[in-house]
Amino acid sequence: MAYINRIGTALPPHDVHAAFLRFIPPALPEGKTRSVFERMAQRSGIAHRYSVLAQEGMVEASAARDGFYRRGAYPSTAARMRLYEQYAPALAEQAVHALGLQGQGQNITHLIVASCTGFVAPGLDQLLAARLGLRPDLQRVLIGFMGCSAAVPALRIAQSTVLADPAARVLVVNLELCTLHLQETDDLEIALSFMLFADGCTAALVSADEHGLALGDFRTALIPNTEDHITWHIGDQGFIMHLSSRVPAKITEALRGNTDFFLRGEGTQATDLWAVHGGGRTVLDAVQLGLALGEQALAPSRAILADHGNMSSATIMFVLAGMLKSARAGQRGLAMAFGPGMAAETFRFTVN
């Protein structure tokens, strides 16, 4: 079997959630729209979100000091990608160091990097391998633009690699700098979607060593008639994210209609741990409703959402990192994340 032996996490230093909540409302129409934004902010379940940008990155156009986001002068995609290239490798390296693999870098045989918030060539995989001094015959895979669900296919590839070669030691990195893609808008739905997103990175070691989280079967399902519900396009001013308000209802509908598929023909009582990507409070509510879970089932996912926001593909790995520390041997878990498509990506795991 393949096991997630360890997970390291890393956050940039700047908590920008409060600054964002001050910065956005003046751009929205006065009256009901601003009131709805402020009410939804209070109900978001988010207290902190971290960014590679300092709080001063969001400033009024009349401010004396330049910021990355200035009203009427939001940065180009090229400017955002320069910051991605500047900050992404260092944050990824920080997450790998959190694994505690000092002196074992030459034992890493494969590197899988998932990231949908930036492009650069040589890629983040090559930049990170050089920073870490990994072996020259390292086999690399770069997964891009799969959004919040990308961690699951990355782990699936890692599992397949270990099953094909039990001597393989696979480093899986999920790196997202979502805050580089804030859009200037007076549209409430767009403003609310960017209230969720944050930066973060994880690094996981997957091998045949029999400790950690044993990876079970992986299952993917495309939810019909949802192709336009989660989209991610490259614009002149960053990547344009669209998150439809219809997403939660579709998740609930899909889970209710395919419970046997997602639960592998077992009842919810067969699962002790639920590692669900916290795409937002309403997404977690939708999963809880769709699977008829107890009130505390998604507490680990809600805690990560509150403390870190939605870090896209890295989020579910933060949840799993917490479970690695606190779960008991023998407990069974189900991991689930949703991405563009809409695709539901799931896998089972057992604490060893």
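These numbers come from a predicted model, not from an experiment.
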Quick one: does any side-chain atom of [X] pair with a main-chain N or O of [Y] as donor and acceptor, under 3.5 Å?
{"X": "N352", "Y": "E210", "answer": "yes"}
{"X": "R281", "Y": "G45", "answer": "no"}
{"X": "Q106", "Y": "G133", "answer": "yes"}
{"X": "T252", "Y": "A286", "answer": "yes"}
{"X": "Q55", "Y": "D15", "answer": "yes"}
{"X": "Q159", "Y": "G216", "answer": "yes"}
{"X": "R6", "Y": "G100", "answer": "yes"}
{"X": "Q183", "Y": "Q237", "answer": "yes"}
{"X": "D187", "Y": "E189", "answer": "yes"}
{"X": "H181", "Y": "T117", "answer": "yes"}

Which heavy atom in [X] sits nearest to a heavy atom in [Y], and how many Å separate them?
{"X": "G118", "Y": "M81", "value": "CA-SD, 3.7 Å"}
{"X": "R169", "Y": "L205", "value": "NH2-CD2, 3.4 Å"}
{"X": "P248", "Y": "T282", "value": "CG-OG1, 3.5 Å"}
{"X": "H14", "Y": "L53", "value": "CB-O, 3.2 Å"}
{"X": "E176", "Y": "C116", "value": "OE1-N, 2.9 Å"}
{"X": "R34", "Y": "P29", "value": "CG-O, 3.2 Å"}

If I take atom [atom1] from residue [X] and atom [atom2] from residue [Y], how far apart are they, to the nearest 0.5 angstrom?
{"X": "L138", "Y": "D125", "atom1": "CG", "atom2": "CG", "value": "8.5 Å"}
{"X": "L293", "Y": "L298", "atom1": "CG", "atom2": "CG", "value": "5.5 Å"}
{"X": "N5", "Y": "L99", "atom1": "CG", "atom2": "CG", "value": "9.5 Å"}
{"X": "L289", "Y": "L255", "atom1": "CG", "atom2": "CG", "value": "9.5 Å"}
{"X": "F318", "Y": "T9", "atom1": "CZ", "atom2": "OG1", "value": "4.5 Å"}
{"X": "F347", "Y": "L320", "atom1": "CZ", "atom2": "CG", "value": "5.0 Å"}

- [ ] Verify side chain to side chain contact (heavy atoms under 4.5 Å, CB included) between R348 and L215, making sure each step is shown before the conclusion.
- [x] CA-CA 6 Å; R348 289 193 294 187; L215 294 172; over 6 Å; no
Shared ILVMFWY cluster between [X] and [Y], side chains joined below 4.5 angstrom?
{"X": "L21", "Y": "Y69", "value": "yes"}
{"X": "V162", "Y": "V173", "value": "no"}
{"X": "I157", "Y": "Y3", "value": "no"}
{"X": "I240", "Y": "L83", "value": "no"}
{"X": "V152", "Y": "M1", "value": "no"}

Would you call [X] and [Y] a salt bridge, taking side-chain N to carboxylate O under 4.0 Å as the test?
{"X": "R80", "Y": "E85", "answer": "no"}
{"X": "R71", "Y": "E60", "answer": "yes"}
{"X": "D217", "Y": "R156", "answer": "no"}

Kindly indicate whether the side chain of [X], heavy atoms from C-beta on, has any atom under 4.5 Å from the side chain of [Y].
{"X": "R246", "Y": "T226", "result": "no"}
{"X": "I112", "Y": "L171", "result": "no"}
{"X": "D236", "Y": "Y74", "result": "no"}
{"X": "T271", "Y": "Q331", "result": "no"}
{"X": "T109", "Y": "Q139", "result": "no"}
{"X": "Y50", "Y": "P12", "result": "yes"}
{"X": "L273", "Y": "L334", "result": "no"}
{"X": "C148", "Y": "T315", "result": "no"}

TODO: I would like to know whether M195 and I24 meet side chain to side chain contact (heavy atoms under 4.5 Å, CB included); could you show each step before the answer?
DONE: CA-CA 9 Å; M195 181 178 65; I24 292 299; over 6 Å; no
TODO: Just do the side chain to side chain contact (heavy atoms under 4.5 Å, CB included) check on I108 and Q104 with the steps written out, would you?
DONE: CA-CA 7 Å; I108 300 299; Q104 302 178 45; over 6 Å; no
Task: Y84 and S115 side chains, donor-acceptor separation under 3.5 Å - done: yes
Open item on the list: When you compare the side chains of R264 and T346, does any donor N or O come within less than 3.5 Å of an acceptor on the partner?
Closed with: yes
Open item on the list: Could you work out, with side chain to side chain contact (heavy atoms under 4.5 Å, CB included) as the rule, every residue matching P136, not counting sequence neighbours?
Closed with: none
Please set out all donor-acceptor pairs under 3.5 angstrom arising from side-chain atoms of residues 304-311, sequence neighbours excluded.
residue: N310; atom: OD1; partner: H277; partner atom: NE2; Å: 3.4
residue: N310; atom: OD1; partner: S312; partner atom: N; Å: 2.8
residue: N310; atom: ND2; partner: G279; partner atom: O; Å: 3.2

Open item on the list: For F20, does the six-membered ring have the charged nitrogen or CZ of R49 within the cation-pi criterion, i.e. under 6.0 angstrom from the centroid and within 45° of the normal?
Closed with: yes
- [ ] Answer yes or no for R219 and F261: cation-pi contact, defined as NZ/CZ to six-membered ring centre under 6.0 Å and angle to ring axis within 45°.
- [x] yes
TODO: Give the C-alpha distance, both sets of side-chain angles, the deciding distance and a yes or no for salt bridge (charged side-chain N to carboxylate O under 4.0 Å, His left out) between D272 and R332.
DONE: CA-CA 5 Å; D272 306 299; R332 302 177 67 199; over 6 Å; no
Open item on the list: Using the rule given for side chain to side chain contact (heavy atoms under 4.5 Å, CB included), can you reason through W274 versus T268, listing the C-alpha separation, both sets of side-chain angles and the distance that settles it, and then say yes or no?
Closed with: CA-CA 10 Å; W274 300 90; T268 56; 4.0 Å; yes
- [ ] Under the ring pair (Phe, Tyr, Trp, His ring centres under 6.0 Å) rule, what do F239 and F119 come out as? Steps first, then yes or no, please.
- [x] CA-CA 11 Å; F239 299 171; F119 291 112; 5.7 Å; yes
